[in-house]
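Computed from a predicted model, the values in this text were never measured in an experiment.
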Amino acid sequence: MANERLYTSRRSNIVEALVVKLKDINGAGQYLVDLNNQVYPFLKFWDEVDEFPALHLNAGSETRTYQGGGYKDRFLVITLRCYVNEEGAQEALNKLMEDVETVIEENSRLEYSDAQNNVFSTQQITLVSIDTDEGVLEPLGVGEILIEVQY
């Protein structure tokens, strides 16, 4: 690990690792929805989404807490936007969001790689909030999940 950089931001690396895990949502086993690999590491607005259901992620603000001995805790906020297009959109959206929450809970210590392919894991992923359009766009449904990743 001679090229390891301990305290650099790894925003895109963490988002990419989450995308890989979220692509497991395939309607089989414990999952209620089949995303058909429609998971992307960038945000789109509902009027730009062509295929449903879909999930788009975006890294937001990042903060640091400085500890003793030069150690830093990093906290990254990630927005996960969920899109569905079907009758009963709110029910479909709730199922998709349940699946997303399952993936987040099961991968709280998410492994990811940095730019030099060194492998790390997050300390904790916390679900901060869940919000939906409450049926305003029916038959479209848009939900937003905010998570905080400590690494």
Legend entry - Side-chain donor/acceptor of Ser121 to backbone N/O of Leu110, under 3.5 Å: no

Inset, instruction - State, with a plain yes or no, whether a side-chain heavy atom of Lys72 is found less than 4.5 Å away from one of Thr65. - result: no

Inset, instruction - Give, for atom CG of Leu57 and atom CD1 of Ile78, the distance between the pair rounded to the nearest 0.5 Å. - result: 6.5 Å

Inset, instruction - Output every pair passing side chain to side chain donor-acceptor pair (under 3.5 Å) with a member in residues 21-31, not counting sequence neighbours, ordered by first then second residue. - result: Gln30-Glu106

Legend entry - Non-hydrogen atoms of Cys82 and Ile145 that approach each other most closely: SG-CD1, 4.3 Å

Inset, instruction - State the OH-CG distance between Tyr83 and Leu96, to the nearest 0.5 angstrom. - result: 11.5 Å

Side chains of residues 47-54: which donor-acceptor pairs under 3.5 Å do they make with residues two or more places apart or in other chains?
unit_1: Glu48; atom_1: OE1; unit_2: Phe45; atom_2: N; d: 2.8
unit_1: Glu51; atom_1: OE1; unit_2: Gln38; atom_2: NE2; d: 3.4

Legend entry - For Glu111, salt bridge (charged side-chain N to carboxylate O under 4.0 Å, His left out) partners two or more places apart: none

Inset, instruction - Before giving the answer on side chain to side chain contact (heavy atoms under 4.5 Å, CB included), spell out for Val128 and Ile147 the whole-Å C-alpha distance, their side-chain angles and the decisive distance to 0.1 Å. - result: CA-CA 5 Å; Val128 176; Ile147 61 172; 5.6 Å; no

Inset, instruction - Evaluate the side chain to side chain contact (heavy atoms under 4.5 Å, CB included) criterion for residues Arg81 and Leu55: first the C-alpha distance (whole Å), next the side-chain angles of each, then the deciding distance (0.1 Å), finally the verdict. - result: CA-CA 6 Å; Arg81 203 155 289 145; Leu55 183 59; 6.0 Å; no

Inset, instruction - For the pair Asn107 (side chain) and Val103 (backbone), establish whether a donor and an acceptor sit closer than 3.5 Å, ignoring hydrogens and angles. - result: yes

Legend entry - Heavy-atom donor-acceptor pair, Asp99 side chain to Ile25 backbone, under 3.5 Å: no

Legend entry - Qualifying side chain to side chain donor-acceptor pair (under 3.5 Å) pairs with a residue from residues 124-138, counting only residues at least two apart or across chains: Gln90-Thr132, Gln90-Asp133, Ser108-Gln124, Thr132-Glu134

Inset, instruction - For residues Thr122 and Tyr151, report the shortest heavy-atom separation together with the two atoms involved. - result: CA-CB, 4.2 Å

Inset, instruction - Return each pair, listed once, that meets salt bridge (Lys or Arg N to Asp or Glu O under 4.0 Å) where at least one residue sits in residues 36-45; pairs must be two or more places apart or across chains. - result: none

Legend entry - Separation of Phe75 CZ from Glu148 CD (nearest 0.5 Å): 6.0 Å

Legend entry - Shortest non-hydrogen contact from Ala89 toward Gly141: CB-N, 3.9 Å

Inset, instruction - Before giving the answer on side chain to side chain contact (heavy atoms under 4.5 Å, CB included), spell out for Leu93 and Met97 the whole-Å C-alpha distance, their side-chain angles and the decisive distance to 0.1 Å. - result: CA-CA 6 Å; Leu93 188 58; Met97 293 172 84; 3.7 Å; yes

Inset, instruction - Report yes or no: is the cationic atom of Arg10 (NZ for Lys, CZ for Arg) under 6.0 Å from the centre of the six-membered ring of Phe120, at an angle within 45° of the ring normal? - result: yes

Inset, instruction - Return the minimal non-hydrogen interatomic distance between Asn13 and Ala115, and the atom names on each side. - result: ND2-N, 3.9 Å

Inset, instruction - Nearest 0.5 Å please: distance from the CG atom of Leu32 over to the CD atom of Glu98. - result: 5.5 Å

Inset, instruction - Group every Ile, Leu, Val, Met, Phe, Trp and Tyr by side-chain heavy-atom contacts under 4.5 Å, then state whether Val19 and Leu127 land in the same group. - result: yes

Inset, instruction - Working to the nearest 0.5 Å, report the span between CG of Leu43 and CG of Asn58. - result: 4.0 Å

Inset, instruction - Would you mind checking if Glu62 and Arg11 are paired as a salt bridge, meaning a charged N to carboxylate O distance below 4.0 Å? - result: yes

Inset, instruction - Write down the atom of Val119, the atom of Ser113, and the distance for their closest heavy-atom approach. - result: CG2-OG, 3.9 Å

Legend entry - Fellow cluster residues of Phe42, listed by chain then number, with links counted only when side-chain atoms sit under 4.5 Å apart: Tyr40

